Amino acid sequence: MLIISAAYEDGKRIAEPGVEEFDAYTSRPGCFVWVALRDATAGELDQMRRAFDLHELAIEDAKNGRQRPKLDEYGEALFVVMQLIERSGDELSVGQVAVFVGENYVVSARGHSSQHFLGVRERCEREPHLLKQGPSFVLYALMDAVVDRYFPIVEQLEAELESIEERIFATGTARINIERLYALKRKVGVLKHAVAPLLEVLSKLHGGRIPRVCASTDDYFRDVADHLERINASVDTIRDTIGTAIAVNLSMVTIEESEVTKRLAAWAGIFAVATAFAGIWGMNFEFMPELKLKWGYPMALGVIVSACGFVWWRFKRSGWL
């Protein structure tokens with residue numbers, strides 16, 4: 001679906017051409033066309049390929065719709081893929097935006113995501129002195145918007161981790177905590193798979209060898225890389241904390257099981273004392289002196305109770321009961 005196409009000259013919008021008019025503007029010096037697509041069909045992507053002479057391999061990747069973040073160079077043109085992360089209930093859903101950048105065009109194709117970039121276009125048009133730098137500034141603005149949208153996701157994951165940590169020492173919550181920690185670990189992995197490859201992409205856009213189309217905006221890409229480094233560090237911290245929390249939680253399970261085992265062993269020891277006395281006095285010998293005592297039965301019960309009580313007191317004092 002074609003959302004909008006606009007032609008810009010000296011940082012100002014001068015027209016909203018149709019596909020058949022693209023050539024008239026891309027052939028003008030200092031002019032470029034910015035096309036935005038959403039959930040583009042194969043036919044629409046092929047139409048863009050013919051209009052801007054896009055590389056077939058890049059078009060195939062855009063049609064796939066499930067690419068990892070990457071940057072490919074095709075001559076003087078760039079093909080950049082970024083992942084869009086958004087919450088879908090308790091899970092994270094992954095979308096994609098593929099951006100084709102040339103000297104006189106920018107084509108962004110967004111798919112599998114409800115996020116839009118209308119604010120990005122408005123921001124660029126409010127800064128014509130920057131937009132006049134051409135398609136490379138549009139690429140920067142799109143990447144900056146994608147990276148900035150990772151920050152709320154990181155904050156939500158940190159808040160979820162904190163809520164789990166508050167309950168990690170509560171009795172009887174071990175199984176639920178482990179399930180929540182592993183679910184959180186899976187969501188952090190989704191974000192990590194979007195962030196880490198994008199860092200590699202940005203490293204190719206500032207410092208060292210820079211594609212010619214982005215030569216004038218390397219400082220802007222460095223700024224985006226700094227933001228992404230912060231996000232990547234936060235994601236790594238969350239992953240490490242989750243690993244520690246899982247280890248602590250498993251230790252708590254072991255401690256709880258140990259407490260149960262000690263209680264069972266203590267009660268078994270108490271009943272063993274009673275069983276020992278009952279076993280001795282239960283032997284069927286004719287000449288046992290205790291059998292003839294009038295108060296032998298109450299005395300035997302008293303001895304058993306006293307012995308069991310002493311053993312219970314010792315276990316209680318040692319913390320086993």
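Just so it is clear, the structure is predicted and the values come from calculations on it, not from any experiment.
- Annotation: Phe32 is not in aromatic contact with Tyr105 [ring centroid separation under 6.0 Å not met].
- For the pair Tyr220 and Leu130, the minimum side-chain heavy-atom distance is below 4.5 Å.
- No donor-acceptor pair closer than 3.5 Å links the side chain of Ser108 to the backbone N or O of Val99.
- Here the shortest heavy-atom pairing between Arg87 and Leu92 reads CG-CD2, 3.8 Å.
- With hydrophobic clusters built from ILVMFWY side chains whose heavy atoms lie under 4.5 angstrom apart, Tyr182 shares a cluster with Val190.
- Hydrophobic clustering, with ILVMFWY side chains joined whenever heavy atoms are under 4.5 angstrom apart, keeps Leu71 apart from Tyr74.
- The hydrophobic cluster containing Val201 also contains Ile85, counting ILVMFWY residues as joined when their side-chain heavy atoms lie under 4.5 angstrom apart, directly or transitively.
- Taking every heavy atom of both residues into account, Cys31 and Ile14 meet most closely at SG-CD1, 4.0 Å.
- Using a distance-only test at 3.5 Å, with no hydrogens or angles considered, no donor-acceptor pair links the side chain of Glu103 to the main chain of Glu76.
- For CD of Glu179, the number of neighbouring non-hydrogen atoms (other residues, nucleotides, ligands) closer than 6.0 Å is greater than 12.
- From Glu165, atom CD reaches atom CG of Asn249 across 11.0 Å, with rounding to the nearest 0.5 Å.
- A side-chain N or O of Thr173 and one of Asn177 form a donor-acceptor pair less than 3.5 Å apart.
- Between Glu86 and Ser93, the closest side-chain pair of non-hydrogen atoms falls below 4.5 Å.
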Donor-acceptor contacts under 3.5 Å from residues 134-151 side chains, at least two apart:
| unit_1 | atom_1 | unit_2 | atom_2 | d |
| --- | --- | --- | --- | --- |
| Ser136 | OG | Thr217 | OG1 | 3.3 |
| Tyr140 | OH | Arg123 | NH2 | 3.0 |
| Asp144 | OD2 | Arg123 | NH1 | 3.0 |
| Arg149 | NH1 | Gln115 | OE1 | 3.1 |
| Arg149 | NH1 | His116 | O | 3.1 |
| Arg149 | NH2 | His116 | O | 2.6 |
| Tyr150 | OH | Gln83 | O | 2.5 |

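- Taken to the nearest 0.5 Å, the NZ atom of Lys192 stands 3.5 Å off from the CG atom of Asn232.
- Using a 4.5 Å heavy-atom threshold, the side chains of Cys214 and Ile210 count as touching.
- Arg239 pairs by the side-chain hydrogen bond (donor to acceptor under 3.5 Å, both in side chains) definition with nothing, not counting sequence neighbours.
- The neighbour count for Arg222 CZ, taken as heavy atoms of other residues, nucleotides or ligands under 6.0 Å away, is above 12.
- Connection of Ile178 to Val188 is established within a shared hydrophobic cluster, with ILVMFWY side chains joined at heavy-atom distances below 4.5 Å, either directly or through further cluster members.
- Using a 4.5 Å heavy-atom cutoff, the side chains of Val94 and His193 are not in contact.
- Between Glu122 and Arg126 there is a side-chain heavy-atom pair separated by less than 4.5 Å.
- Under the salt bridge (Lys or Arg N to Asp or Glu O under 4.0 Å) criterion, Glu16 pairs with Arg13, sequence neighbours left out.
- For Thr244 (side chain) and Asp240 (main-chain N/O), a donor-acceptor pair under 3.5 Å exists by modelled atom type.
- Atom CG of Leu181 is separated from atom CD1 of Ile164 by 4.5 Å, given to the nearest 0.5 angstrom.
- Distance check, rounded to the nearest 0.5 Å: CD1 of Ile59 to CZ of Phe100 gives 4.0 Å.
- Salt bridge present: Glu160 and Lys187 bring a charged side-chain N and a carboxylate O closer than 4.0 Å.
- Using a 4.5 Å cut-off between side-chain heavy atoms of Ile, Leu, Val, Met, Phe, Trp and Tyr, with links allowed through other members, Leu161 and Val154 fall into the same hydrophobic cluster.
- Counting all heavy atoms, side chain and backbone alike, Pro17 lies closest to Phe22 at O-CE2, 3.6 Å.
- In this structure, Trp34 and Ile4 have side chains that are not in contact, with every pair of non-hydrogen atoms separated by 4.5 Å or more.
- To the nearest 0.5 Å, the span separating CD on Glu162 from CG on Leu157 amounts to 11.5 Å.
- Considering all non-hydrogen atoms of both residues, Gly111 and Asp39 come closest at CA-OD1, 3.3 Å.
- Here the CG-CD distance, from Leu184 to Glu158, works out to 10.5 Å after rounding to the nearest 0.5 Å.
- Asn104 approaches Thr26 most closely through the heavy-atom pair ND2-O, 2.8 Å.
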Are Asp46 and Lys63 close enough, and set up right, to give a salt bridge (Lys or Arg N to Asp or Glu O under 4.0 Å), and what steps lead you there?
CA-CA 10 Å; Asp46 287 334; Lys63 289 179 181 178; 3.0 Å; yes
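- Crowding of Glu73 atom CD: a count of heavy atoms from other residues, nucleotides or ligands under 6.0 Å exceeding 12.
- The nearest pair of heavy atoms linking Leu202 to Phe221 is CD2-O, 3.9 Å.
- Remark: the Tyr8 side chain and the Glu125 side chain contain an N/O donor-acceptor pair separated by less than 3.5 Å.
- Side-chain contact check for Phe117 versus Ile3: every heavy-atom pair is 4.5 Å or farther apart.
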